[in-house]
Amino acid sequence: MEMKEQLTSLKEEAMKQIKDSHDLKALNQVRIDYLGKKGPITEISKGMKKLPSEEKPVVGAMVNDVRTAITEEMDKQKEELERQALQEQLMSETIDVTLPGTAVAKGQGHVLTQIMEEIEDLFLGMGYQIVEGPEVEEDSYNFERMNLPKDHPARDMQDTFYITDDILLRTQTSPVQARTMDTHDFSKGPLKMISPGKVYRRDNDDATHSHQFHQIEGLVVAENITMADLKGTLEVFAKELFGADREIRLRPSYFPFTEPSVEVDVSCFKCGGKGCSVCKHTGWIEILGAGMVHPNVLEMSGIDTDKYSGFAFGLGPDRVAMLKYGIEDIRRFYQNDIRFLNQFKVKE
Amino acid sequence: MNVSYKWLTEYVDLEGITPDELAEKMSRTGIEIEGVDYPSEGLKKIVVGHAVEVVDHPDSNHLHICQVDVGEEVLQIVCGAPNIAAGQKVIVALPGSRITGNKKIKKGKMRGVVSNGMICSLEELGYTDHVVPKKYAEGIYVLPNEAVPGEEVFSYLSMDDAILDMSITPNRADALSMRGTAYEVGAIYNKKVTFPELDYVEDPSEDIKQDMQVSVENPADTPIYSIQIIKDVTVKESPLWLQTKLMNAGIRPVNNIVDITNYILLEYGQPLHAFDYDKLGSKEIYVRRAKAEEKIVTLDEEERTLSPENIVITNGEKPIALAGVMGGLDSHITDETVTVALEAALFDPISIRKTAKALNLRSESSARFEKGINLATVQEAGKQAAAWMAELAGGRIVSGIAEARSVEAKDVTVSITLEKINHALGTELSEDEVTSIFDQLGFDASISNGTFAVIIPPRRWDIAIEADLIEEVARIYGYDNLPSTLPISASHPGYLNEKQRLTRHTKHFLEGSGLSQAISYVLTTPEKAAAFSMRESDRIQLEMPMSEDHSTLRMSLLSGLLDDLSYNIAHHNQNVALYENGRVFYTSSEQTLPIEEEHVAGALTGSLQQADWQGKEQRIDFFVIKGILEEMFAAYGLVEPITFVQRTDLPLLHPGRTAAIMLGDEMIGFAGQLHPSVAKERDLKETYVFEFNFQAIVNAEKHATIYQPVPKYPGMSRDIALMVDETVSNKQIVEVIKENGGKYLTAVHLFDVYQGENIETGKKSLAYTLSYLNPTATLVEEEVSKAFDKVQSALVEQVQAEIR
Ligand SMILES: [Zn+2]
């Protein structure tokens, strides 16, 4: 029985020493001290030979139990020590997470392109095609086909850059519509298009005038197109571009290539209609021109006006951007100062 | 046009409708009102005064000391106006009053004399110089004798009015008159319009045939020409009511005869001209085209040289007026005029427009002839004017009218079905609703079998086709009342075409690589336009540019991008990376219009990645832009290879650091360093640029992604370092390696280039990793060694490499 007691106290002693080992080296010493070839447990095993044979299995089992318990405890302690050591090492590797991140070179799309692509995507989703046309146009497409014959008084409203008597820089993207109407096969379905692009007017550049600016025009020609369709389309458009709460109102106006012609006001996106400096305290912002395609314009493209009708609308991305962001000078768009360009990061 | 609210109420009842409400309603239904001006707004305590005594100031050679009866008291006011005189009724700003510009008038002393207020000119009440009668331009305004001292002056001067600033679109010239505006207002409020009866009495004792014959050369130029004669007139100042009506409309009163013609112009929109009959020099008027180089001195005392584009009124011999634009100086109305020849006519709008434009003589008259006038009231307006001349100038109207006329005013009938109206508007209006809209507009409409026959009076000459009627119905019905729908049509997908898709891809790629999109001016200087052009082409120049800086269409995008770069550098932005996509323009012999070619270009300077606390700066150099371009071109999936070929001869570019971008055998662009002397001229630092013909990429044959299974077997790699003459290019070495690498060589990667210390002058050292892979089996060491040895000996042999 002496051996049993001895084993019990050995185990207790070993357990304590394992717990007190604060590094792997000390722990290894405990292993050598207790489980080594010269350790007390080996000694006891050796001493078992002297025991009476009926006690041998009992003590043998006890020795094994103690050995297992010590080994297990040592493994546990080792794991713990390793964990601590790793933790210490990791803490020593601490960085300052408030240091700036490694920069990634990233450019920006131009704010005008962003606005135009947003509009393009909206209309693509409604089944429109994007159609482009020449920026240098024939007088006939730019004016005559838009119901503005040579001596029309409204031609004075537009000052034009001519290259020759018959060739000019387009003053509007509408000639693209005439070109498309000429070739569209109505037996294959309706014509639904938008035409974005650069346009030019003979103007002196200042904060609110630019000889070069942009336009997006839309055109739908099909059977049964009504002014109500125009109104509905513009409502969708205004809500998409300026927010779901926007309303529109139509005011009579005059464009040679549409009749009836309307100017379209959108309820102010800054103040919601209460009145502010953006809307000049009216609650409304004039943003689009629109109307039902003038029968002369359809007829000049050989379209049967008894069967087909259409609507058209147009707006200026430059003006939209100026209103939306409060940009004070239209020349900013074309100076391309990176401090200007790189501001328009937020994808709305 | 400026429309007087008070004047309008003479023709249409506006009870309960304020000027602001009227303006809003008009803007929403047809004619935009840009603003409403209240002339007396901001003015206060300005009254009629009676100058009972005026004496010279003892210490001044121009001031006067006036005793002015202002009703309840007599105030002493010092006044500097040269035209002040005792007995006048004048405009007095009392102490504590406010005149124009929110200026406050206080009691004070002028050269030691007490002055209790101010005697005012019209300018001091806010009138602009060009409407104040010349007589009062340099001094105070004198009110009529009936004015009652102490009363506010505003009603005397019709300043208690509201003036609507009407912006008239070209299709609504019918509203360029008070009568036209009254019809419009009547229509939108559904109110009856009434005009005063014409009180026109001719003197039967004289017949115009004795005094005047008129004829026209071409009835197309002058469809109506008429003259009336008014004798024994007294030319003098107009009554105040007439002067104030003109001034409120922005027209300067001159004398009763001229004022009447202007008044009728405002009332009817009919321009008239009054000649001094005795100065015509004949009893005949002949209207014709001017002869080349013919001359006339116009009212403004300018001698004008004419051309056959101009229509002139002649006395049978020489021009006495420029038709519809301006009268001649010789025959104009003066204080001595006793007999008036009054012209009421209709001229060809295009000729009038050209004349007004060519001579830079835009007037109220020419503007109306250009836009069209009411045929029905040419003669009525003339008679009305004559009647006023009889009343206000004491004249006698000679009986009869001398006239040459080839047109008559006629009603026009326009037909439209109810279905068409509803179809166009998306509405479900009933016959009755539409009929009442036509009625409101003053159009007689009858309906049979669903078709309206609408009778349009001559005063609405803008209405001729169905669409015109639809517009009238829509605006009176109200756009707010239209339903909102979306077009019903077979749905078909909208999609980007190939070019649009590739454009977006290219933009995104370049932005992802650190370049921002610029949009530059397409018009540039002739010199910049041709720079960097990749094609032979003449310059395309504007006929009438606004400035030399924007006179010529660009032939390269770099023309604008370099301007952008200069702008940035001048504004202390050192690191700039810009790209642009857009069109360049070349002349073409095959087509009327220029060739418009889509290009993509970039201009970069400084660093793409600034040095940061980790130290890594990415300076922009040739290889930075080449790397971006190579990766971008790879993504297009071009069948033909893109290569960069050294070019020493491209103008404006660094001869040693420039490459042509080749698609197969075709040069589609270039990349390189901007020539340092060009950079210096533009105040730029080291700058790298590229430009290529994007259309060539769009047109080029492309392959889809070709999938290859991920290799099952491991590959091997070998490094090789070699020294060659510095003239040997990387391309030559890589070609030798590839030709001799054997079938398992999959990639050649250059990882070091060195020249300098420890290397013989004229030599350079390069190091490559060669990767090998057998897709069907594990590579055997000996196979690779054999292949590698072959490469080594080929390099020694073919490029005289020294293997290190
Ligand atoms: Zn607002």
Closest approach of [X] and [Y], non-hydrogen atoms and distance?
X        : Y        : value
A:Ser261 : B:Tyr479 : O-OH, 4.3 Å
B:Gly30  : A:Pro252 : N-CG, 3.2 Å
A:Phe311 : B:Pro487 : CE2-CG, 3.8 Å
B:Ser516 : A:Asn342 : OG-OD1, 2.7 Å

Quick check for you: among [options], which has the greatest number of heavy-atom pairs under 4.5 Å with chain A?
options                               : result
B:Ser484, B:Gly426, B:Ser27, B:Gly478 : B:Ser484
B:Asp563, B:Ile465, B:Ile31, B:Leu523 : B:Leu523
B:Lys354, B:Arg504, B:Arg475          : B:Arg504

Suppose we call two aromatic rings close when their centres sit under 6.0 Å apart. Are B:Tyr521 and A:His211 close by that rule?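 B:Tyr521 vs A:His211: aromatic centres under 6.0 Å.
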So, [X] and [Y], do they make that salt bridge, N to O below 4.0 Å?
X        : Y        : result
B:Glu543 : A:Arg202 : no
A:Arg251 : B:Glu24  : no
B:Arg28  : A:Asp265 : no

Answer yes or no: is there a side-chain heavy-atom contact under 4.5 Å between [X] and [Y]?
X        : Y        : result
B:Glu466 : A:Glu259 : no
A:Asp205 : B:His550 : yes
B:Leu578 : A:Ile338 : yes

Any sub-3.5 Å donor-acceptor pair from [X]'s side-chain atoms to [Y]'s backbone N or O?
X        : Y        : result
A:Asn336 : B:Ile519 : yes
A:Lys231 : B:Leu482 : yes
A:Gln212 : B:Ser520 : yes
B:Glu511 : A:Gly107 : no
B:Trp613 : A:Leu99  : no

Toward chain A, the part of [X] with a non-hydrogen atom under 4.5 Å:
X        : result
B:Gln541 : backbone
B:Pro545 : backbone
B:Thr427 : neither
B:Asp564 : both
B:Lys371 : neither
B:Ala424 : backbone
B:Leu542 : both
B:Leu553 : side chain
B:Thr592 : both
B:Ile540 : side chain
B:Leu486 : both
B:Tyr495 : both

[X] portion near chain B, given a 4.5 angstrom heavy-atom threshold:
X        : result
A:Tyr334 : both
A:Leu341 : side chain
A:Ala103 : both
A:Pro295 : side chain
A:Pro256 : neither

Do B:Phe585 and A:Val136 pass the side chain to side chain contact (heavy atoms under 4.5 Å, CB included) test, and can you show the C-alpha distance, the side-chain angles, and the key distance before you say yes or no? CA-CA 9 Å; B:Phe585 302 82; A:Val136 181; 3.7 Å; yes
What distance do [X] atom [atom1] and [Y] atom [atom2] have between them, rounded to the nearest 0.5 Å?
X        : Y        : atom1 : atom2 : value
B:Ile470 : A:Met292 : CD1   : CE    : 8.0 Å
A:Tyr141 : B:Leu593 : OH    : CG    : 9.5 Å
B:Asn573 : A:Phe340 : CG    : CZ    : 13.5 Å
B:Thr485 : A:Ile225 : OG1   : CD1   : 8.5 Å
B:Leu515 : A:Gln108 : CG    : CD    : 12.0 Å
A:Thr113 : B:Asn581 : OG1   : CG    : 7.0 Å

For chain B, the option from [options] that forms the most heavy-atom pairs under 4.5 Å:
options                                : value
A:Asp166, A:Leu112, A:Val262, A:Val111 : A:Val262
A:Glu263, A:His294, A:Glu235, A:Glu223 : A:Glu235
A:Gly189, A:Gly125, A:Pro134           : A:Pro134
A:Glu117, A:Glu120, A:Met193, A:Glu137 : A:Glu117

Hey, are [Y] and [X] close enough side-chain-wise for a donor-acceptor pair under 3.5 Å?
X        : Y        : answer
B:Gln500 : A:Glu132 : yes
B:Asp612 : A:Thr102 : no
B:His571 : A:Asp337 : no

Please step through side chain to side chain contact (heavy atoms under 4.5 Å, CB included) for the pair B:Met546 and A:Phe161, ending with a clear verdict. CA-CA 9 Å; B:Met546 294 298 282; A:Phe161 282 128; 4.1 Å; yes
Checking B:His423 against A:Met227 for the side chain to side chain contact (heavy atoms under 4.5 Å, CB included) test, could you report, in this order, the C-alpha distance in whole Å, the side-chain angles of both residues, the deciding distance, and whether it holds? CA-CA 9 Å; B:His423 193 98; A:Met227 193 141 186; over 6 Å; no
Listed partners of A:Glu138 passing side chain to side chain donor-acceptor pair (under 3.5 Å), at least two apart: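 Here no residue qualifies.
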Those residues that, when tested against A:His184, pass side chain to side chain donor-acceptor pair (under 3.5 Å) (two or more places apart):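 So A:His184 forms no side chain to side chain donor-acceptor pair (under 3.5 Å) with any residue.
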List the steps and the verdict of side chain to side chain contact (heavy atoms under 4.5 Å, CB included) for B:Arg583 and A:Glu135. CA-CA 9 Å; B:Arg583 296 187 189 161; A:Glu135 289 174 29; 3.6 Å; yes
